[in-house]
Amino acid sequence: MPGILVFCETKDGKLKKVSREALSIGRKLAEKTGGDLAAVVVGSQAASLAADAGHYGAKKLYAVESAALDSYTTGQTTAAVKQAVDDFKPSVLLMGGTSNGRDLAPRLAARLGVGVASDVDQLDWTDGKLRARRSIYSGKVFGRVEISGTPAIATTRPNAFSAEVVAGGGAADVVKVSFTPVEVKSKLLETKTPEAGELTIAEADIIVSGGRGLKEAQNFSYIRDLAHAIGGAVGASRATVDAGWIDHQHQVGQTGRVVSPNVYIAAGISGAIQHLAGMSSSKHIIAINKDPEAPIFRVADLGVVGDLFTILPALTEEVKKAKAH
Amino acid sequence: MEILVCVKRVPDSAENEISVAAGGADIRRDDLVYSVNEWDNYAVEEAIQIAERAGGNVTVVSVGADAEEVVRREMAMGAGQGVLLNDAAFEGSDGLGTATILKAAAQKNKYDLILTGAQADDGAGQVGGMLAALLDWPYASLVNRIEEKEGNQLRVGREIEGGSQEVSDIELPCVLSIQTGINEPRYVGLRGIRKVASVEIPVLDASALGVSADAVGAAGAKVKRVDYFVPEIGAGAEMIEGSTEEVATKLVDLLKAKGGIK
């Protein structure tokens with residue numbers, strides 16, 4: 001069966017954006033393979049996602065309904081998705097490149113004896129094989145890989161593919177997957193969430209990032225003010241994280257998070273290669289720096305040479321005005 | 001606690017301009033500066049700290065013909081043993097191939113815990129999860145906290161989206177992939193390097209490991225490189241000039257146009 005199966009994650013009773021993106025590229029691949037697009041969702045409410053998955057092109061929804069799957073553990077989720085793979089027998093298995101997607105894919109691949117392309121930003125079906133493009137060596141080079149074995153597995157980089165609603169896409173047909181929970185040797189105790197309401201850089205549409213040009217920790221308020229006004233997330237360069245100005249969770253770059261938001265604003269960031277590796281695939285990049293020679297201007301679409309301490313507050317005010325209209 | 005840490009020798013992306021060799025089949029590898037994968041330093045540091053607290057030994061293992069230098073460097077941090085896995089048949093291994101080789105090495109000894117870096121130079125982040133699956137051990141990725149617990153368990157924190165941290169109890173033996181920021185890797189001075197310079201590091205090949213040559217290397221790879229290419233770098237930024245107000249207005253116009261302000 002030349003079908004495409006997409007492992008979809010949920011949040012607040014909806015499919016995650018990155019899962020919708022994976023469904024959308026999955027639908028394009030299915031057109032080429034001539035197979036069906038199906039989603040697999042796990043957890044006690046799995047079947048309730050049928051309409052959501054249908055909007056993004058899934059014809060079937062494999063629902064693995066078990067309370068044991070309501071929180072993620074590598075072992076349990078691997079067993080559940082493997083069952084859906086055994087039932088549907090897809091040619092390609094996709095999942096969003098989230099923390100959990102990237103945790104799950106390798107274990108599942110080893111179980112199935114197949115290969116994985118991680119964090120891909122292009123996918124195609126060529127000569128009966130899945131081809132993927134990935135950015136490697138800190139984004140200095142792209143590599144194209146071909147994945148053999150069935151199913152070929154890939155995790156998709158968040159924001160790299162667009163999530164497209166299919167006109168007239170009705171609810172997916174629910175296929176219940178029979179599943180007996182396996183014994184797992186790890187147990188989730190709790191999830192600690194920092195300051196509520198703070199948007200995360202991994203899935204944000206807009207990121208405002210600060211670097212050493214902020215001079216000291218308290219000046220991150222300039223970044224936060226603009227981010228809050230726009231409704232974006234706060235990012236940071238490695239230097240500021242290493243200096244203890246802001247938590248590691250905000251770090252954009254090779255050793256932090258690789259992000260590709262719609263708009264990335266870099267203020268006071270010179271653009272060390274390790275930072276560029278984490279953000280250069282953003283759709284639109286705006287750089288504000290006092291040094292006209294800063295490498296960040298080479299990857300930016302728009303640049304402003306100047307003092308961020310005057311430009312950021314002015315920009316924050318203008319954004320507030322524009323939003324008030 | 002017997003701890004195995006898997007490390008990789010990688011081109012140092014901060015030190016190198018990386019370019020693609022003619023034909024696009026590989027990057028140009030002559031003149032590259034290599035170092036140990038950054039994440040692995042955190043994994044080795046964490047292993048040493050656990051052994052210091054709980055007792056035990058740390059062994060560093062690496063796959064590849066030229067890995068001795070990085071294994072020695074990590075031993076200089078304080079790991080007691082090193083092992084090199086090298087065979088012509090290992091060349092061109094994909095993630096699953098590398099995990100297959102490491103699994104064979106892990107089974108040569110009775111380890112309680114295996115640590116890897118969360119990812120390496122190619123950003124795939126696969127080997128730890130695959131190794132755990134092949135060993136049928138529990139696994140957690142992106143680990144940013146480890147505590148020993150009673151009853152042969154560890155309490156671990158995982159870095160997930162949104163700066164959230166998942167806290168789990170995981171049974172030993174297990175495989176953990178270590179995220180940067182979990183600790184501060186110690187400095188390795190010249191003296192440390194000298195101290196381990198003459199320590200013998202065993203080298204195991206495919207037959208010593210009992211690994212079938214067609215299951216690993218280019219022959220066994222399920223993920224094959226088609227080509228490499230250098231991303232097109234844009235023309236550079238269009239520079240906005242003018243007074244602060246003018247600049248702010250232009251930026252807001254752009255944000256509106258690109259959907260930044262709805």
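Because only heavy atoms are used, hydrogens play no part in the values below, and waters and symmetry mates are left out as well, while side chains stay in. Per chain, numbering begins at 1; letters A, B, ... match sequence-line order.
- Although no hydrogens or angles enter the test, the distance criterion places a donor-acceptor pair under 3.5 Å between the side chain of Arg134(A) and the main chain of Asp122(B).
- Donor-acceptor pairing under 3.5 Å is recorded for the side chains of His248(A) and Glu159(B).
- Interface remark: Ala117(A) contributes backbone atoms only to the contact with chain B (heavy atom separation under 4.5 Å).
- Interface residue Trp137(B): only backbone heavy atoms are found under 4.5 Å from chain A.
- Ionic pairing of Arg111(A) and Asp136(B) is present here: one or more N-O contacts between side-chain nitrogen and carboxylate oxygen are shorter than 4.0 angstrom.
- Within a 6.0 Å radius of NZ in Lys283(A), more than 12 heavy atoms belonging to other residues, nucleotides or ligands are found.
- You'll find the side chain of Glu317(A) stays beyond 4.5 Å of the side chain of Val252(B), heavy atoms only.
- Between Ile160(B) and Ser99(A), the shortest heavy-atom distance links the atoms CA-OG, 3.4 Å.
- You'll find the side chain of Val319(A) reaches within 4.5 Å of the side chain of Leu255(B), heavy atoms only.
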Check your understanding: Which is it for Arg158(B) and Asn100(A) under the side chain to side chain contact (heavy atoms under 4.5 Å, CB included) test, yes or no, and what are the steps along the way?
Key -> CA-CA 10 Å; Arg158(B) 277 187 75 212; Asn100(A) 289 346; 2.9 Å; yes
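- Heavy atoms of Ala140(B) lying under 4.5 Å from chain A belong exclusively to its backbone.
- Here the shortest heavy-atom pairing between Ala132(B) and Arg107(A) reads CB-NH1, 3.4 Å.
- Residues Ala133(B) and Ala110(A) approach most closely at CB-CB, 3.5 Å, considering heavy atoms.
- Minimum interatomic distance between Ser118(A) and Gly123(B) (heavy atoms only, all atoms of both residues): CB-O, 4.4 Å.
- Using a 4.5 Å cut-off between heavy atoms, Asp103(A) touches chain B through backbone and side chain atoms alike.
- The number of heavy-atom neighbours closer than 6.0 Å to CD of Glu148(B), taken from other residues, nucleotides and ligands shown, is above 12.
- Under the 4.5 Å side-chain criterion, counting only non-hydrogen atoms from C-beta, Arg238(A) is not in contact with Thr180(B).
- In this structure, the portion of Val114(A) lying under 4.5 Å from any heavy atom of chain B is its backbone and not its side chain.
- To the nearest 0.5 Å, the span separating CD on Glu166(B) from OG1 on Thr73(A) amounts to 9.5 Å.
- Side chain to side chain, Gln165(B) and Thr191(A) fail the donor-acceptor criterion of an N or O pair below 3.5 Å.
- Of all the listed residues (Arg131(A), Gln251(A), Lys129(A)), the one sharing the greatest number of non-hydrogen pairs under 4.5 Å with chain B is Arg131(A).
- Note that CG of Leu189(A) and CZ of Arg155(B) are 5.0 Å apart. Values are rounded to the nearest 0.5 Å.
- For the pair Ser141(B) and Arg102(A), the minimum side-chain heavy-atom distance is 4.5 Å or more.
- Heavy atoms of other residues, nucleotides or ligands lying less than 6.0 angstrom from CD of Glu171(B) number more than 12.
- Atom CG of Leu251(B) sits about 7.5 Å away from atom CD1 of Ile265(A), to the nearest 0.5 Å.
- The structure places OG of Ser186(A) at 10.0 Å from CG of Leu176(B), a figure rounded to the nearest 0.5 Å.
- For the atom pair Glu238(B) CD and Phe297(A) CZ, the distance stands at 12.5 Å (nearest 0.5 Å).
- Atom NZ of Lys17(A) sits in a crowded spot, with more than 12 heavy atoms from other residues, nucleotides or ligands closer than 6.0 Å.
- Neither the backbone nor the side chain of Leu131(B) comes within less than 4.5 Å of any heavy atom in chain A.
- Lys11(A) NZ: 12 or fewer foreign heavy atoms inside a 6.0 Å radius.
- Neither the backbone nor the side chain of Ala118(B) comes within less than 4.5 Å of any heavy atom in chain A.
- Neither the backbone nor the side chain of Gln153(B) comes within contact range of chain A, judged by heavy atoms closer than 4.5 Å.
- Ranked by non-hydrogen atom pairs under 4.5 Å with chain A, the options Ile27(B), Asp94(B), Val127(B) are led by Ile27(B).
- Most heavy-atom pairs under 4.5 Å with chain A: of the set Glu38(B), Gln119(B), Met239(B), this distinction falls to Met239(B).
- Put simply, the side chain of Val145(A) does not reach to within 4.5 Å of the side chain of Val226(B), judged on heavy atoms.
- Rounding to the nearest 0.5 Å places CG of Leu315(A) at 11.0 Å from OG1 of Thr244(B).
- Looking at Thr98(A), the atoms closer than 4.5 Å to chain B (heavy atoms on both sides) sit in the backbone and in the side chain alike.
- When all heavy atoms of Pro106(A) and Gly125(B) are compared, the closest pair comes out as CG-O, 4.0 Å.
- Taking the side chain as every heavy atom from C-beta outward, Glu318(A) and Thr249(B) approach each other to under 4.5 Å.
- Residues Lys185(A) and Ile170(B) have side chains not in contact (no heavy-atom distance under 4.5 Å, counting atoms from C-beta outward).
- For the pair Tyr228(B) and Ile136(A), the tightest heavy-atom approach, listed with the atom from each and the gap, is CE2-CD1, 3.2 Å.
- The greatest number of non-hydrogen atom pairs below 4.5 Å with chain A, out of Pro138(B), Cys174(B), Gly181(B), is found for Pro138(B).
- Looking at Ile311(A), the atoms closer than 4.5 Å to chain B (heavy atoms on both sides) sit in the backbone and in the side chain alike.
- If you measure heavy-atom distances from Val167(B) to chain A, the contacts under 4.5 Å come from both the backbone and the side chain.
- Neither the backbone nor the side chain of Asp307(A) comes within contact range of chain B; no heavy atom of the residue lies under 4.5 Å from a heavy atom of that chain.
- Both the backbone and the side chain of Ile240(B) come within contact range of chain A, each with at least one heavy atom under 4.5 Å from a heavy atom of that chain.
- For a residue to count as touching a neighbouring chain, one of its non-hydrogen atoms must lie under 4.5 Å from one of that chain's; by this rule Ile273(A) touches chain B with the side chain only.
- Salt bridge Asp227(B)/Arg144(A): present, at least one basic N to carboxylate O contact under 4.0 Å.
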